[in-house]
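Just below is one structure, and these are the notes that go with it.
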There are 2 protein chains.
Amino acid sequence: MALPRAARTQRRTRIQEEKEEQILEAALEVFSAHGFRGATIDQIAEKAGMSKPNLLYYFRTKEAMHRALIDRVLDTWLDPLREFNAEGNPVAEIRSYIRRKLEMARDFPRESRLFANEILQGAPHIEDELKGPLKQLVDEKAEVIRAWAKAGKIAKCDPYHLIFAVWSTTQHYADFDVQVRAVLGQENAGDGRFEDAARFLERLFVDGLQVRE
Amino acid sequence: MALPRAARTQRRTRIQEEKEEQILEAALEVFSAHGFRGATIDQIAEKAGMSKPNLLYYFRTKEAMHRALIDRVLDTWLDPLREFNAEGNPVAEIRSYIRRKLEMARDFPRESRLFANEILQGAPHIEDELKGPLKQLVDEKAEVIRAWAKAGKIAKCDPYHLIFAVWSTTQHYADFDVQVRAVLGQENAGDGRFEDAARFLERLFVDGLQVRE
DNA sequence: TGTAATGTTTACCAACCGGTCAAATTATCA
DNA sequence: TGATAATTTGACCGGTTGGTAAACATTACA
């Protein structure tokens, strides 16, 4: 008899590897576009090019599929923050953090929307990740920023809200893409808006808007 | 025979006024928390304290209800940007725009999430509003900002991305509230985070992070 | 007060959705 | 090759969901 994935302890076959990959790719597409509840297994199955029972052979429930996806994507998503380096030049570090986050918004908008959907609706499936690993990482980096501020290397400011500001301004270009496009008009159809955003944000975070003599 | 709302042309009765109010309040609660597809008519009906068919007597479809809600809320939501004043002091105008948007995030988080849900999932119901009234308003205010920059009253910067930055940083505190709370920890349980955010953001937008002699 | 318009409820329906089952098909490997 | 395990499928199920029909209740107003 065939055993569903969760019950297997042996090494995975080539087919398992491939199919799970296809499924998670399709699941990312659908979950990120419609949220957990708005997504249907049929939709995902169709995108993955297989029947619904076949899909459910690899992931026994919709929740299991969502969880596997979250687990797979969360690590990558936090990479830019992990690279944040205490030893580097503070202003340069913040600039490159902004740049990396913006690149992720450009290159992985579905991943961004996956989390945005989840958090927006109260993070029912990832509360633990937020309060655990995420908080821990942010606490750590916030301490770095606090030290920089204390040493007079950057302006005194609340490090948590600084991190929130970087997150929100950069992820905005993934999560609210349709609005950004609508406002900018179709003239800016290409990826130019990301370069413009990078220029603007680096300047904003470093110099602010006030003119000085 | 009873006619559903859309077919009526006469003035509305007291009962209509009251019930539609109750429904839209409940609809705001549910749509903002679960998105359009995730929300159910039963949920809204229960929150509004009436039966489902009764609710459907006032709004014939879920879509009609959603649309009425969007129409009602959009105007209020854009008020802070409308108040943006070309004649005022540029830096002061930007500061108070940030402050007002942050107050809206604090006082009307459901409204913020309603739009966030909608835009995040591709704005299927409000595309016209984005490309029409919203774009028009933003174009207008962007021109004001551009003029300020040209006159040397604020730093030269892309006005559209400036507006995006204000939107994203402020709305973040409504849309991603659970994440903000999770990261800050329960010590900051009250509304203190909004004051901290206001302090940080005003400073960020005006001065930036770089220290100067 | 009578009656017509308005408002409310109960019962219901068809489509959809997450998930199961058993049978059929295909891959693996001794 | 053959047997065994892994994979795939079509048919199906119970619960939910958006929405309807029609009877019943209430309100407005002449």
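Not measured: the values here are computed from a predicted model. Numbers restart at 1 for each chain; the letters A, B, ... are given by sequence-line order, proteins then strands.
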Where along residues 31-50 of chain B does a heavy atom fall under 4.0 Å from DNA chain C?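 The stretch gives B:Arg37 as the residues lying under 4.0 Å from the strand, ordered by number.
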Does [N] have OP1 or OP2 under 4.0 Å away from a side-chain N or O of [X]?
X       : N      : value
B:Ser51 : C:dT8  : no
B:Tyr58 : C:dT8  : yes
A:Tyr57 : D:dT9  : no
B:Gln16 : C:dT6  : no
A:Lys52 : C:dT20 : no

If I take atom [atom1] in residue [X] and atom [atom2] in nucleotide [N], what distance separates them, rounded to the nearest angstrom?
X       : N      : atom1 : atom2 : value
B:Leu56 : C:dA11 : CG    : P     : 18 Å
A:Glu20 : D:dA6  : CD    : C1'   : 13 Å
B:Asn54 : D:dA25 : CG    : P     : 15 Å
B:Lys19 : D:dT26 : NZ    : P     : 12 Å
B:Gln22 : C:dT8  : CD    : C1'   : 13 Å
A:His66 : C:dG18 : NE2   : C1'   : 16 Å
A:Ile23 : D:dT8  : CD1   : C1'   : 12 Å
A:Leu55 : C:dT20 : CG    : C1'   : 15 Å

Under the ring pair (Phe, Tyr, Trp, His ring centres under 6.0 Å) test, which residues partner A:His66, sequence neighbours left out?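 With sequence neighbours excluded, A:His66 shows a ring pair (Phe, Tyr, Trp, His ring centres under 6.0 Å) to A:Phe31, A:Phe36, A:His125, given in chain and number order.
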Side-chain contact test, heavy atoms from C-beta onward, threshold under 4.5 Å: evaluate it for A:Ile163 versus B:Val183 and give yes or no. no
Look up atom CG in B:Leu55 and atom CD1 in B:Ile23, then write down how far apart they are to the nearest 0.5 Å. 4.0 Å
Nearest 0.5 Å please: distance from the CG atom of A:Asn117 over to the OG atom of A:Ser112.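 Answer rounded to 0.5 Å: 10.0 Å.
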Taking only residues at least two apart or on different chains, which pairs with a member in residues 174-198 of chain B satisfy ring pair (Phe, Tyr, Trp, His ring centres under 6.0 Å)? B:His172-B:Phe176
For A:Glu129 and A:Arg67: C-alpha separation, side-chain torsions, deciding distance, then whether salt bridge (charged side-chain N to carboxylate O under 4.0 Å, His left out) applies. CA-CA 11 Å; A:Glu129 279 86 350; A:Arg67 169 131 301 273; 3.0 Å; yes
If we ignore hydrogens and angles and just use 3.5 Å, is the side chain of B:Arg199 paired with the main-chain N or O of A:Asp158 as donor and acceptor? no
